[in-house]
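Sequence lines set the chain letters: A, B, ... in the order given, protein chains first and strands last, and positions in each chain run from 1. Please read these numbers as outputs of a predicted model, since none were measured by experiment. Only heavy atoms go into these numbers, but all of them, side chains included; no hydrogens, no water, no symmetry mates.
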There are 2 protein chains.
Amino acid sequence: MEQNKIPQATAKRLPLYYRFLNNLQMQGKTRVSSKELSEAVKVDSATIRRDFSYFGALGKKGYGYNVEYLLGFFRKTLDQDELTDVALIGVGNLGTAFLNYNFTKNNNTKIVLAFDADPNKSGKEIGGVPIFHIDDLEEKLGNVKVAILTIPATEADRVTERLVSKGIKGILNFTPARISVPDDVRVHHIDLAIELQALVYFLKHYPLDTKEEVL
Amino acid sequence: MEQNKIPQATAKRLPLYYRFLNNLQMQGKTRVSSKELSEAVKVDSATIRRDFSYFGALGKKGYGYNVEYLLGFFRKTLDQDELTDVALIGVGNLGTAFLNYNFTKNNNTKIVLAFDADPNKSGKEIGGVPIFHIDDLEEKLGNVKVAILTIPATEADRVTERLVSKGIKGILNFTPARISVPDDVRVHHIDLAIELQALVYFLKHYPLDTKEEVL
DNA sequence: GTCAATTTGTGAAAAATATCACGACTTATT
DNA sequence: AATAAGTCGTGATATTTTTCACAAATTGAC
């Protein structure tokens, strides 16, 4: 676990940087400054420099950063070379969106199997990912450590418990339920309804002419 | 407007509190303590009390909070009574998920129309929401001020520009593109691929036995 | 080679957020 | 009525994150 001194706020921005550096490279750019990158990813340039500095001196004064070098560095740091298997639980509209989305491109994660309670869906495939019945979760899950939860909120607790007891260590939870897990399991909540409400709240209650970007 | 002293971090939690208070009321509970609420929403109880305190003294020492009262208060604060119209741009899997999701229940937002570039989709309806062709955006958008962007990243800039020039003030952006907007337009990015990558990164690089919950 | 223009890396300061911890008050019990 | 248990509201503190601002290094032009 090498550098656990990296602030979480920084860690969350790393994949974003990585993706934009990839874009730059594909555009044939060889160098980039924190200022340019700042405009592209909408993060303050001082913040970008600070973020990078946690990994050492990656740039060159008066020059900026070498795209190729930086990209190579982040590839290692973000473990882009090893693919992490992911299970998708719940093949509704949202789940289907994930299956069709080609995560593996520019990404170190891959959805390798999916589950759904609808028997009509089991046995089929979407985006090359096989779908199994939720009853077969324990049997089929194998050694997958990360799950995306796109099921009805009412099922969240029960399914989470099964996932956890099968050894899942990370859950990306799209249900409105706030699930309970042991201390060694990490949950990220993405609550679409709340995001929308928060946006509306900010629109109505916060001054509309600052440059701040929230979230 | 009114209280712009409320910290943004607090503002983002308000819709969450609101939803759980609703749940409590439906369960017939009349009172709740910050401790109970803390367990339900997974936010530290001191943080909850602090959050509530920005609105004044809403609770009672030794008793907790009256669910009905608190709910009424937040209903006003979060403008739950006035419905905000929202436009959905891009009726793919993700967009369809939004259309089928009944936002209006427990919510102050409503998707009133959708757009897509696929002519086969225009004229149809999903979840009671009419779908128009993207070419008719300017004509049909009307006075809607908030948009959900679920289109391919390549289209993001062009569509954003059109939305902005038609008067949109808030955008919930699900594309990987970081869009540029004038200072008076608010954008929240929700980047699904990055969320997944960040989760994987945390799993690999951060101690796995703390109680912290990130997002 | 010199000089102006860039741009990093970072100490220091500021801002934002979260948490501790306790006095004050309420409720419930006996 | 007194006491114990529970709980808020908040001053103070701690932690995290962002931003400023500038010395040092590099580049590129002439």
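- With sequence neighbours excluded, the residues forming a side chain to side chain donor-acceptor pair (under 3.5 Å) with B:S180 are A:K42, listed by chain and number.
- Listed by chain and number, the residues in a salt bridge (charged side-chain N to carboxylate O under 4.0 Å, His left out) with A:R49 amount to none (sequence neighbours excluded).
- For residues 50-70 of chain A, the set of pairs meeting the salt bridge (charged side-chain N to carboxylate O under 4.0 Å, His left out) definition, not counting sequence neighbours, comprises A:R13-A:D51.
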Side-chain donor-acceptor contacts of residues 83-94 of chain B below 3.5 Å, not counting sequence neighbours, with atom names and distances?
unit_1 : atom_1 : unit_2 : atom_2 : d
B:N93  : OD1    : A:N100 : ND2    : 2.7

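- Distance OH (A:Y54) to P (C:dT8): 16 Å, rounded to an integer number of Å.
- B:T47 has a side-chain polar atom (N or O) that falls below the 4.0 Å cut-off from OP1 or OP2 of C:dT19.
- Judged as a salt bridge (charged side-chain N to carboxylate O under 4.0 Å, His left out), and not counting sequence neighbours, the contacts of B:R158 are B:E155.
- Toward the 5′ end of DNA chain D lies the nearest nucleotide of A:A9, the other residue of the pair A:Y63 and A:A9 mapping further downstream.
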Using nucleotides 9-13 of chain C, report all nitrogen or oxygen pairs with the protein that are shorter than 3.5 Å.
unit_1 : atom_1 : unit_2 : atom_2 : d
C:dG9  : OP1    : A:L58  : N      : 3.1
C:dG9  : OP1    : A:G59  : N      : 2.7
C:dG9  : OP1    : A:G59  : O      : 3.2
C:dG9  : OP2    : A:Y65  : OH     : 2.8
C:dG9  : N7     : A:R49  : NE     : 2.9
C:dG9  : O6     : A:R49  : NH2    : 3.1
C:dG11 : N7     : A:R50  : NH2    : 3.4
C:dG11 : O6     : A:R50  : NH2    : 2.4
C:dA12 : N6     : A:R50  : NH2    : 2.9

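- Screening residues 164-184 of chain B for ring pair (Phe, Tyr, Trp, His ring centres under 6.0 Å), with sequence neighbours left out, gives B:F98-B:F174.
- Taking B:E161 as the reference, nothing meets the side chain to side chain donor-acceptor pair (under 3.5 Å) condition, with sequence neighbours excluded.
- Note: NZ (B:K12) to P (C:dT17) measures 8 Å, nearest angstrom.
- Nucleotides of DNA chain D with any atom under 4.0 Å from a heavy atom of chain A span, from 5' to 3', D:dT17 to D:dG28.
- For B:F20, the ring-ring contact (aromatic ring centres under 6.0 Å, His included) criterion is met by no residue, not counting sequence neighbours.
- Salt-bridge annotation for A:E195 and B:K12: absent, with no side-chain N of the basic residue lying under 4.0 Å from a carboxylate O of the acidic one.
- In the region residues 27-36 of chain B, proximity to DNA chain C at under 4.0 angstrom, judged on heavy atoms, holds for none of the residues.
- With sequence neighbours excluded, the residues that form a side chain to side chain donor-acceptor pair (under 3.5 Å) with A:K145 are A:N143.
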